[in-house]
> 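My questions all concern the structure below.
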Amino acid sequence: KDINVAGVYHTATFIPLWDYVSYVSEAYYINKDKAEAFIEWLKANPCITHVIIAQYWRSRLNTPRYAHWNGKVDAMSKELMHHSLREFVKQIHNLGRHVILLGPTPEAKCSDPVRHIRTAMRKGQNPIDLSPLTSTHQEIAELNKDVLDILHAIQAEGLCSVLDVLSVIPENEPFVAYKDGKVLLSDDDHLSGDGATEIFRRLRPQLETLLKQPMPAK
C-alpha cells in the first residue's frame, strides 16, 4: 500500500518447499496439499503477477522434522532444501509469475527482546546494554551462509529474485533491535511490526525496482 501496489498479504502456514526424490521416505513431502492449493490459487488469479516469500530460512534448514527409513529424525540437508525450495519456486515461475524471496533478516542473541529492555530499565541501566539485540553484517552473513548459498543459486538460474537484506545492513553500522523506544524484534528471530517497517524502509528501492520488472516467460 505504501508504494501504491495492490496485493494480497497471505499469512500462509505451509513451508514453501516441494517434494523431492531423495534417499529417505515420503516424510520429506512438506505440506504438499497446502503447497498445491497455493499453486491452484495462483492459477485462478492471473492478476497476481509477483509472489514475495518471507521465511526464517535458517530454521527451515536446521529444524529436525524429517524421519529416515530407520525412524531416526535428522535435520534437513542443505541439498534437500535447495532442491525442494527450487522446485516450489519453479512451480510458481512456470506460471509466469515473478518470485521474490526475502533474504535472511537480523536476529537477536536473546529470546525475548522486550523483556530484556524492561529488565534493563527496571534495574536503571544507563545506557542499556544493547549487545544482545545487535546484529552485525558479518554475523548475519556467517549465520546464514548455507541459506544464502541456496537462495543465490536459485536466483542465478533465473527462477527468482532475492531481496538482499545484507546490502542494507552496512558493515560498520550494526542493526540494533531497539530504536527510538521501539523494539524491532518480537523474539530472537522474528521481526516485530516496527522491525518489519524498518527493514521495508531500507529495502524499498530494491523492491520497487523488482516490482517493475515484467513477469518471466513461461
Side-chain angles (χ1 to χ4, degrees), residues 1-17 50-63 81 85 89 99-123 125-152 155 160-211:
K1 182 178 179 180
D2 191 55
I3 58 177
N4 197 30
V5 174
V8 178
Y9 178 71
H10 180 44
T11 54
T13 57
F14 66 86
I15 301 172
L17 304 173
H50 295 69
V51 176
I52 304 171
I53 302 174
Q55 289 281 309
Y56 181 41
W57 301 111
R58 194 157 62 85
S59 177
R60 298 288 173 255
L61 180 63
N62 295 332
T63 301
M81 180 173 174
L85 177 61
V89 168
V99 184
I100 301 171
L101 306 179
L102 178 68
T105 53
E107 302 175 36
K109 301 176 186 68
C110 64
S111 60
D112 192 337
V114 173
R115 178 178 293 181
H116 174 80
I117 293 297
R118 287 176 177 170
T119 300
M121 289 179 171
R122 189 174 64 250
K123 292 181 177 179
Q125 287 185 10
N126 187 20
I128 294 172
D129 177 16
L130 295 176
S131 59
L133 305 183
T134 301
S135 292
T136 66
H137 180 107
Q138 183 177 358
E139 287 171 340
I140 300 170
E142 289 178 352
L143 281 171
N144 293 281
K145 181 183 181 305
D146 289 340
V147 168
L148 289 166
D149 287 347
I150 293 169
L151 300 186
H152 291 150
Q155 178 178 241
C160 71
S161 298
V162 176
L163 271 173
D164 186 5
V165 177
L166 274 178
S167 68
V168 297
I169 311 287
E171 294 191 25
N172 60 342
E173 294 180 22
F175 181 92
V176 182
Y178 183 66
K179 181 179 180 182
D180 300 328
K182 298 176 180 178
V183 181
L184 308 184
L185 287 166
S186 59
D187 54 33
D188 55 342
D189 53 49
H190 290 90
L191 293 167
S192 66
D194 290 323
T197 299
E198 171 66 16
I199 290 295
F200 168 77
R201 180 187 65 78
R202 299 186 187 197
L203 289 173
R204 178 172 176 164
Q206 279 189 57
L207 183 57
E208 288 182 316
T209 298
L210 292 174
L211 290 175

> Can you tell if the side chain of Val165 reaches within under 4.5 Å of the side chain of Leu203, non-hydrogen atoms only?
yes

> Which heavy atom of Val183 sits nearest to which heavy atom of Pro113, and what is that distance?
CG1-CB, 3.6 Å

> Kindly indicate whether the side chain of Ile140, heavy atoms from C-beta on, has any atom under 4.5 Å from the side chain of Thr105.
no

> So, applying side chain to side chain contact (heavy atoms under 4.5 Å, CB included) with Glu107, which one of Leu191, Leu143, Asp187 is it?
Leu143

> Listing request: all salt bridge (charged side-chain N to carboxylate O under 4.0 Å, His left out) pairs with a residue in residues 131-145, at least two apart in sequence or in separate chains.
Lys109-Glu139, Lys145-Asp149

> Go through the structure and list residues passing salt bridge (Lys or Arg N to Asp or Glu O under 4.0 Å) with Lys182, not counting sequence neighbours.
none

> Rounded to the nearest 0.5 Å, what separates atom SG in Cys160 from atom CD1 in Ile52?
12.5 Å

> Nearest 0.5 Å please: distance from the CG atom of Asp194 over to the OG atom of Ser186.
10.5 Å

> Distance check, rounded to the nearest 0.5 Å: Asn4 atom CG versus Leu211 atom CG?
11.5 Å

> Return the minimal non-hydrogen interatomic distance between Pro104 and Leu148, and the atom names on each side.
CD-CD2, 3.6 Å

> Atom CG of Asp146 and atom CG of Leu151: how far apart are they, to the nearest 0.5 Å?
11.0 Å

> Roughly how far apart are Ile150 CD1 and Met81 CE, rounded to 0.5 Å?
5.0 Å

> According to salt bridge (Lys or Arg N to Asp or Glu O under 4.0 Å), who are the partners of Arg204, at least two apart in sequence or on a separate chain?
Asp2, Glu208

> One pair to check against side chain to side chain contact (heavy atoms under 4.5 Å, CB included): Leu133 and Ile128. What are the steps and the verdict?
CA-CA 11 Å; Leu133 305 183; Ile128 294 172; over 6 Å; no

> Before you tell me yes or no, could you show the steps for Ile3 and Phe200 under side chain to side chain contact (heavy atoms under 4.5 Å, CB included), namely the whole-Å CA-CA distance, both residues' side-chain angles and the distance that decides it to 0.1 Å?
CA-CA 11 Å; Ile3 58 177; Phe200 168 77; 3.7 Å; yes

> Just to verify, what does His50 make a ring pair (Phe, Tyr, Trp, His ring centres under 6.0 Å) with, not counting sequence neighbours?
His98

> Under the side chain to side chain contact (heavy atoms under 4.5 Å, CB included) test against Leu163, which residue among Ile100, Leu101, Val168 passes?
Ile100

> Can you list the steps and then say if Asp129 with Ser131 is a side-chain hydrogen bond (donor to acceptor under 3.5 Å, both in side chains)?
CA-CA 6 Å; Asp129 177 16; Ser131 59; 2.7 Å; yes

> Considering only heavy atoms from C-beta outward, does the side chain of Asp189 approach that of Ser59 to under 4.5 Å?
no

> For the residue pair Leu184 and Val176, establish whether any side-chain heavy-atom pair is separated by less than 4.5 Å.
no

> Evaluate side chain to side chain contact (heavy atoms under 4.5 Å, CB included) for His137 paired with Leu166, printing each intermediate quantity in order.
CA-CA 6 Å; His137 180 107; Leu166 274 178; 3.9 Å; yes

> Look up atom CG in Asp164 and atom CD in Gln155, then write down how far apart they are to the nearest 0.5 Å.
8.5 Å

> Below 4.5 Å, heavy atoms only, C-beta onward: do Gln55 and Leu102 meet side chain to side chain?
no

> Name all residues meeting the side chain to side chain contact (heavy atoms under 4.5 Å, CB included) criterion together with Thr197; count only those two or more places apart in sequence or in a different chain, and write none if there are none.
none

> List for me each residue that meets salt bridge (Lys or Arg N to Asp or Glu O under 4.0 Å) alongside Glu198, sequence neighbours excluded, and say none if there are none.
Lys179, Arg201, Arg202

